[in-house]
Amino acid sequence: MLEALLERLKSFYVLLFGLAILMGCVVRATPGHYAGGNPHEGMKAGYDVSWPNCGATPPKDSSWGVVGITGGISLRPNLCAVKQARWFKTYTLYANTGYPGATPRVLALRSPKKCQAQDARCLAYNYGYAEGVYAVSLAARQGLHSSLWWLDVEIDNSWDDDPLTNRASIQGSLDAVRHETLVAQVGVYSYPGQWDLITGKWRPRFPAWAATGTTTVQTARDFCAQPSFTAGPLWLGQYTQGLDRDLPCPPAPKPTHS
């Protein structure tokens, strides 16, 4: 009797152990988990699209793309994101960012930090966090998931005069995306000069996607050979030929030791 009970308990614990392993695999396979480097390394140039391209013809070479989930500003949807994601065999997502200052909407935010009305950087962090939550939730409601998210940082959006306040807002967005996606990798898209103006030459070592503002792939190659504006790995160089194109940068050479 006792031996039979022990045998049943043993079988029960084996079953629990197996379920624990299975659940661990499920968690690691959940959309949004990320544990690697540049996912486009070694690929040919892809595309990035968003709300201005809703009426565009899908590219013939549709191996991969980056799709904007927001519509030019941070809390507005790109209404054709789902359609655009279907253009590509694989895709990642990007979201607009910005900080409008201590507006009533910002002052009403009470999480994740408890901010005093005069604490601009705390308020900016909460606003950035709300932007990140909005973007990930917007994507998830439409069945869109990505293990790599890009934060679009440009002067076309509203920003504070204080670079440290802007940094707090960007950090809030980054933290929110990581939290909401089970620790996805997060990088930054920007024109290097605009990034320096907005953030005061912040070098947080995030993966970088550099806008070149040109139409030539050679310029993108040249950007790939330069240090990135975040001091982190430079993964993509953007140029424009009809649609925006994105050249994967080769990995930076490892330092040699004599």
Side-chain angles (χ1 to χ4, degrees), residues 31-32 34 36-74 76-97 135-136 138-140 142-154 156-157 177 181 184-192 194-195 206-226 228-230 233-251:
Y34 189 88
N38 185 352
H40 306 303
E41 184 179 316
M43 295 183 180
K44 57 186 176 181
Y47 295 85
D48 67 270
V49 294
S50 190
W51 63 275
N53 314 114
C54 284
T57 301
K60 293 180 180 180
D61 175 16
S62 58
S63 58
W64 69 273
V66 189
V67 178
I69 192 64
T70 48
I73 60 176
S74 58
R76 177 186 297 168
N78 169 18
L79 298 177
C80 58
V82 172
K83 178 183 76 172
Q84 290 173 337
R86 292 179 182 143
W87 291 357
F88 305 106
K89 295 175 183 175
T90 63
Y91 66 86
T92 57
L93 297 172
Y94 82 84
N96 296 100
T97 61
V136 175
L138 176 64
Q142 300 175 86
L144 300 178
H145 302 277
S146 179
S147 59
L148 170 61
W149 279 75
W150 295 100
L151 303 179
D152 184 322
V153 179
E154 299 184 67
D156 289 346
N157 297 110
V177 171
T181 59
Q185 178 64 278
V186 186
V188 173
Y189 164 90
S190 192
Y191 291 84
Q194 291 188 18
W195 171 263
F206 304 150
W209 169 17
T212 69
T214 70
T215 61
T216 66
V217 67
Q218 185 57 50
T219 305
R221 290 194 186 101
D222 293 342
F223 266 66
C224 284
Q226 300 171 11
S228 83
F229 56 89
T230 67
L234 185 55
W235 283 359
L236 296 174
Q238 183 195 65
Y239 61 105
T240 303
Q241 290 181 357
L243 295 173
D244 287 338
R245 303 297 308 272
D246 299 290
L247 179 73
C249 297

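Numbers here are sequence positions counted from 1.
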Taking side chain to side chain donor-acceptor pair (under 3.5 Å) as the test, write out the residues that go with Thr216, two or more places apart. Thr219
How close do Cys224 and Gly237 get, heavy atom to heavy atom, and via which atoms? SG-N, 4.3 Å
Between Phe223 and Ala210, what is the shortest heavy-atom contact and its length? CD2-CB, 3.9 Å
Identify, with sequence neighbours excluded, every residue that meets ring pair (Phe, Tyr, Trp, His ring centres under 6.0 Å) alongside Phe229. Trp195
Check ring pair (Phe, Tyr, Trp, His ring centres under 6.0 Å) between Trp149 and all other residues, then give those that pass, not counting sequence neighbours. none
Side chain to side chain donor-acceptor pair (under 3.5 Å) filter on Ser190, not counting sequence neighbours, yields none
Please report the closest heavy-atom contact between Ala211 and Pro192, naming both atoms and the distance. O-CD, 3.7 Å
For side chain to side chain contact (heavy atoms under 4.5 Å, CB included), just list the numbers for Tyr239 and Leu247, CA-CA rounded to whole Å, side-chain angles, deciding distance to a tenth of an Å, and then say yes or no. CA-CA 8 Å; Tyr239 61 105; Leu247 179 73; 4.3 Å; yes
When you compare the side chain of Asp246 with that of His40, does any pair of heavy atoms fall below 4.5 Å? no
Considering all heavy atoms of both residues, which atom of Val188 and which atom of Phe206 are nearest to each other, and what is their separation? CG2-CD1, 3.6 Å
Among residues at least two apart in sequence or on other chains, which ones pass side chain to side chain donor-acceptor pair (under 3.5 Å) with Thr240? Asp244
What closest approach, in Å, do Ala139 and Leu93 show between heavy atoms, and which atom pair accounts for it? CB-CD1, 3.9 Å
Can you give the donor-acceptor pairs under 3.5 Å from side chains of residues 46-56 to other protein atoms, not counting sequence neighbours?
residue: Asp48; atom: OD1; partner: Gln238; partner atom: NE2; Å: 3.0
residue: Asp48; atom: OD2; partner: Gln238; partner atom: NE2; Å: 3.3
residue: Ser50; atom: OG; partner: Thr70; partner atom: O; Å: 3.3
residue: Asn53; atom: OD1; partner: Ser50; partner atom: N; Å: 2.9

Taking atom types as modelled, is there a side-chain donor on Asp156 or Gln194 under 3.5 Å from an acceptor on the other? no
So do the side chains of Pro248 and Met43 get within less than 4.5 Å of each other, counting heavy atoms only? yes
With the side chain counted from C-beta on, respond yes when Val217 and Arg245 share a heavy-atom pair under 4.5 Å apart, and no when they do not. no
Interatomic distance, Leu79 atom CG to Gln84 atom CD [nearest 0.5 angstrom]: 10.0 Å
Name all pairs fulfilling the salt bridge (charged side-chain N to carboxylate O under 4.0 Å, His left out) condition that reach into residues 209-223, sequence neighbours left out, sorted by first residue then second. none
By salt bridge (charged side-chain N to carboxylate O under 4.0 Å, His left out), Asp61 pairs with (sequence neighbours left out) Lys44
Taking the side chain as everything from C-beta on, heavy atoms only, tell me whether Trp235 gets closer than 4.5 Å to Pro207. yes
Between Asn157 and Asn96, is there a side-chain heavy-atom distance shorter than 4.5 Å? yes
Decide yes or no for Trp150 and Val66: does some side-chain heavy atom of the first lie under 4.5 Å from some side-chain heavy atom of the second? yes
Taking the ring of Trp209 and the ring of Tyr189, is the distance between their centroids below 6.0 Å? yes
Let me check something: any side-chain donor-acceptor pairs from residues 85-92 under 3.5 Å, sequence neighbours excluded? List them with distances.
residue: Thr90; atom: OG1; partner: Ser63; partner atom: O; Å: 3.4
residue: Tyr91; atom: OH; partner: His145; partner atom: N; Å: 3.4

Pairwise side-chain contact, Cys249 with Leu234, heavy-atom cut-off 4.5 Å (strictly under): yes
Partners passing side-chain contact (heavy atoms from CB on, under 4.5 Å) against Gln142 (at least two apart in sequence or in another chain): Ile69, Val82, Leu138, Leu144
